[in-house]
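Working notes, structure below.
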Amino acid sequence: MDNDNRFDWISPRPLLILFLTSVVAALVWHFTLGYRLDRPLHDAISVAKPRLAWQHAGVVAVDDGVPLQVGRTQMLPLFSRATETLVAAGASGVFLDARVPLTVDSRLPFAECIESSGRVRWSQPRCTANSGTCGLMSSRAGRRGPLSMDSEAFERFYYAPPHIDTDPPRYWALFGRSVSADRAADHVGRDELVVPDDPGLRDGVSRWLSHDPDHAINRLVAAIDPDVGRQSEEEALTQASEPCEVSGQGKVACSRVRQGPFVADFSFLTGDDRSLIPLSTLAQCDTGLSPSQRSRIEGKVFILQASSPLEPIDFHNTPMTTAFNGDAKLTAGPQFLADAIETRLYQDHPRLLQDWAAMGVYLIGLLLALLVLYRFSIRLAFLVPPLIAGVLFAIGYFSFPALLLPIVGPTLAAALLVGLVVVFQRNRSMREARIVSGYLPSKVRDVVLREGVSNMSFSQKTACAVLISDIAGYTRFTSLVQNPEIVFREINRYLDAVTQQVQSDCEAWLEGYTGDEVCFYWPEKYDADARYNALRAALVLNRLQKEYFQSMGDREYALEDEQVQAHIKSGMRAGIGLAFGDLTMGNIGPEKGIKKFGILGDPLNLSSRLEGLTRKFSSDIIASHQFINAAAKLDIATRRLACVKVKGRSEAETIYALGERQDERFNPERVAKWEAWLAAIEQSGEWVSPEPGMGYEADVETIQSWLERGLLRPEEGVWYLDEK
């Protein structure tokens, strides 16, 4: 084997430096990203051994035996009846997984139980005659509380945090006067799901259970095994996968749930499988359970599901949705809770390594890569990273409980070491700034070269001014010309004519082009005069666009075609939208694909909507209210157009037309008439004829159209737009 394929001739010192560099990189990776990129692989490991049986838990769901005409509130007594049946049969605990309001109308007809014939026994409200009219009085179930039950059943009953609409809470509306408010509050068990304390986790996948003793899961676990269910936070954290963040509580111990496949078929405790119990069976008026059924209930805990299994509510993503070998279905919340109870009792949740053990895995991988590099060939060294990934995945896949080792981190650390050695020996290093300079706009390139590529690799949030401009009538122009060469030549002429000066004179950052649309932005982090520069850019761009459209009419193809000539003069114009707010700047693109440095956020969407509104109003430039003070300092004329809530946005925005003082559209008298007319409509919500000589015919037509479509909410003074 020749020296080109061996590294045993490398001096130890640079090799040691590169090895230590890789160790530092591994430390930084683990303590910043942790297991974030391992989650799809960990999910694949977690679903390799699904839970196929509920030994300690069961789920009671609404079935076809409960008629459709029974509403959710009306069926509360059925859950009360089912609880009494379960507790009488020896159930250790029952949890109602539904957030019930404490303002239940006691005059409702309630379903008390299910007759043997399958009919519902109703508790009907009473009617008392008063002056010839019937006044509804509380039904029997309403008077005693739709969730009232005997004291033995209530002691083992828990329910999700109710919707509290009064102060003090009206617990008696659910449980009757015999249950005190303190006693009712003590039976509330939190049912929220938790996620790890990781700001980078945004996939919405529910995998974790809380070890908080007040959580419904742990209350039910304590009913079976008090030692497990009432563990302290410190004790639970020693057995947990990771800390989790709970709103209002801070960090709590949590661990992954070992889940099973979703179940939709009903069967009444036929064995130790994951079957569902029909509510109608347990809510019979004359319940008679067989000894075998009672034996399968005794000692278990049950979750009451206030919906049918296939009803599309209270569903959560499972690990199956990100695992390449997993089922992509959803699982119902009550089934997740049942799996969580089994996981807590068996302590068979997938486990992460402690940090010191994880760093040992990194070190072993790096030592293996170093050994192969030093003693064997380059080709073999490139096989080390995938070998490390395969071995670590296999250990987790075949272990039980599943051991979730770091996989991506050690693999990349080994790959980094191999790459550093190869680059060092082959002298193939090149400056990242040289690569970046050929692909990024000048402003972005300057920042990357100044701060470094590594500092720009992750997103950063900053306030930005955004300008979007689009040509109205360009699609019609392309259909009239019907010459691809002319179409592309004109769009390139347009971009060359309008973008260069805006970037050079107005400090604009170019986001990019989409056909004839152009987008610029000014991040305040790098431009303290962002708003002023954006306003100056809008005026410059508007002037350049008008000059460009005027020059188009002198082109040879336009002079030869009257239809094209007419469209250029009357049908082509450009609108400009200006918005301001927080944007995220960073690399956009796949992990191993082509990336683009750009921006994402609400102002981008708003500026596009405002640009579209220039077609509705007689204005070339429309801006959000954040530019008004800057416009006044620059002596730019403004005219309020409306306070609108554009589609796809939750907040209303006051928008303004901008332009030069000498523009007749900003004549002070006309603007004052417009303001008075618009204010009269917004305050009354009714049409008011404009004063003669006011002008703004297109604007008046737009306001009239919006008013006729009922888009105005006078009490707010806001137009709720329903179009993009």
Side-chain angles (χ1 to χ4, degrees), residues 51 54 56-60 79 83 91-100 154-164 169 171 182-198 201 204-259 300-306 314-319 331-351:
R51 186 178 302 284
W54 288 331
H56 305 90
V59 174
V60 179
F79 291 113
T83 300
S92 298
V94 179
F95 176 67
L96 176 59
D97 188 27
R99 300 199 169 209
V100 182
F154 185 78
E155 288 303 319
R156 303 190 183 191
F157 174 78
Y158 304 96
Y159 59 107
H163 294 296
I164 299 176
Y171 290 102
D182 290 341
R183 188 178 173 209
D186 286 341
H187 284 252
V188 174
R190 288 194 294 272
D191 62 344
E192 73 275 13
L193 302 176
V194 295
V195 296
D197 180 25
D198 186 347
L201 184 63
V205 179
S206 301
R207 311 177 179 92
W208 294 269
L209 63 94
S210 170
H211 291 257
D212 178 8
D214 290 332
H215 197 280
I217 295 172
N218 298 294
R219 289 203 167 196
L220 295 176
V221 168
I224 297 175
D225 189 337
D227 293 335
V228 175
R230 296 170 184 168
Q231 285 178 328
S232 67
E233 284 288 303
E234 293 75 13
E235 292 173 325
L237 195 56
T238 62
Q239 302 176 4
S241 295
E242 48 210 302
C244 287
E245 187 77 23
V246 177
S247 177
Q249 300 180 59
K251 293 182 181 180
V252 299
C254 70
S255 57
R256 288 179 179 242
V257 176
R258 181 179 166 223
Q259 295 178 268
K300 293 185 177 181
V301 294
F302 293 87
I303 297 151
L304 306 181
Q305 178 176 347
D314 196 23
F315 277 75
H316 306 285
N317 293 334
T318 71
T331 197
Q335 294 191 28
F336 180 92
L337 297 179
D339 286 326
I341 291 168
E342 299 289 339
T343 302
R344 287 282 284 121
L345 289 169
Y346 282 112
Q347 297 294 313
D348 57 359
H349 58 272
R351 289 167 166 79

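Here, residue 1 is the first one in the sequence, and each next residue gets the next number.
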Heavy-atom check, side chain of Ile217 versus side chain of Ser210, under 4.5 Å: no

Q) Is the backbone N or O of Ala91 less than 3.5 Å from a side-chain atom of Arg156, with the two atoms forming a donor-acceptor pair by type? A) yes

Nearest heavy-atom approach of Arg344 to Asn218 is NE-OD1, 2.8 Å

dist Trp54:CH2 -> Leu345:CG (nearest 0.5 Å) comes out at 14.0 Å

Do Leu220 and Phe302 have side chains that approach each other closer than 4.5 Å (heavy atoms only, starting at C-beta)? no

Measure from the side-chain N and O atoms of Arg351 to the backbone N and O of His349, and report whether any donor-acceptor pair falls under 3.5 Å.
yes

ask   = Do Val60 and Val94 come close enough that some side-chain heavy atom pair is under 4.5 Å?
value = no

Sorted by chain and number, sequence neighbours left out, side-chain contact (heavy atoms from CB on, under 4.5 Å) with Asp186 holds for none

Hits for ring-ring contact (aromatic ring centres under 6.0 Å, His included) against His187, two or more places apart or cross-chain, chain-then-number order -> Phe154, Tyr158

Here the pair of heavy atoms bringing Ser255 nearest to His211 is OG-NE2, 2.9 Å

For Val188 and Pro162, the nearest pair of non-hydrogen atoms, with its separation, is CG2-CD, 4.1 Å

Looking only at heavy atoms, the pair that brings Phe79 and Ala306 closest together is CZ-CA, 3.6 Å

Residues passing the side-chain hydrogen bond (donor to acceptor under 3.5 Å, both in side chains) test with Asp191, sequence neighbours excluded, are Arg99

Residues at least two apart in sequence or cross-chain that pass side-chain contact (heavy atoms from CB on, under 4.5 Å) with Ala184, listed by chain then number, are Tyr159, Tyr171, Phe175, Val179

Of all heavy-atom pairs linking Val100 and Leu96, the shortest is CG2-CD2, 4.2 Å

So CZ of Phe336 and CD1 of Ile303: to nearest 0.5 Å the spacing works out to 10.5 Å

When every non-hydrogen atom of Val257 is compared with those of Ala340, the smallest separation belongs to CG1-N, 3.7 Å

Applying salt bridge (Lys or Arg N to Asp or Glu O under 4.0 Å) to Arg51 and not counting sequence neighbours gives Asp348

Between the CH2 atom in Trp208 and the OG1 atom in Thr343, the distance rounded to the nearest 0.5 Å is 13.5 Å

Hits for side-chain contact (heavy atoms from CB on, under 4.5 Å) against Ala57, two or more places apart or cross-chain, chain-then-number order -> Val301, Ala338, Ile341, Glu342

CG of Asp339 to CZ of Arg256, rounded to nearest 0.5 Å, is 14.5 Å

Margin query: Can you confirm whether Gln259 sits close enough to Gln335 that some side-chain heavy atom of one is under 4.5 Å from a side-chain heavy atom of the other?
Written below: no

Is any side-chain heavy atom of Arg219 less than 4.5 Å from a side-chain heavy atom of Asp214?
yes

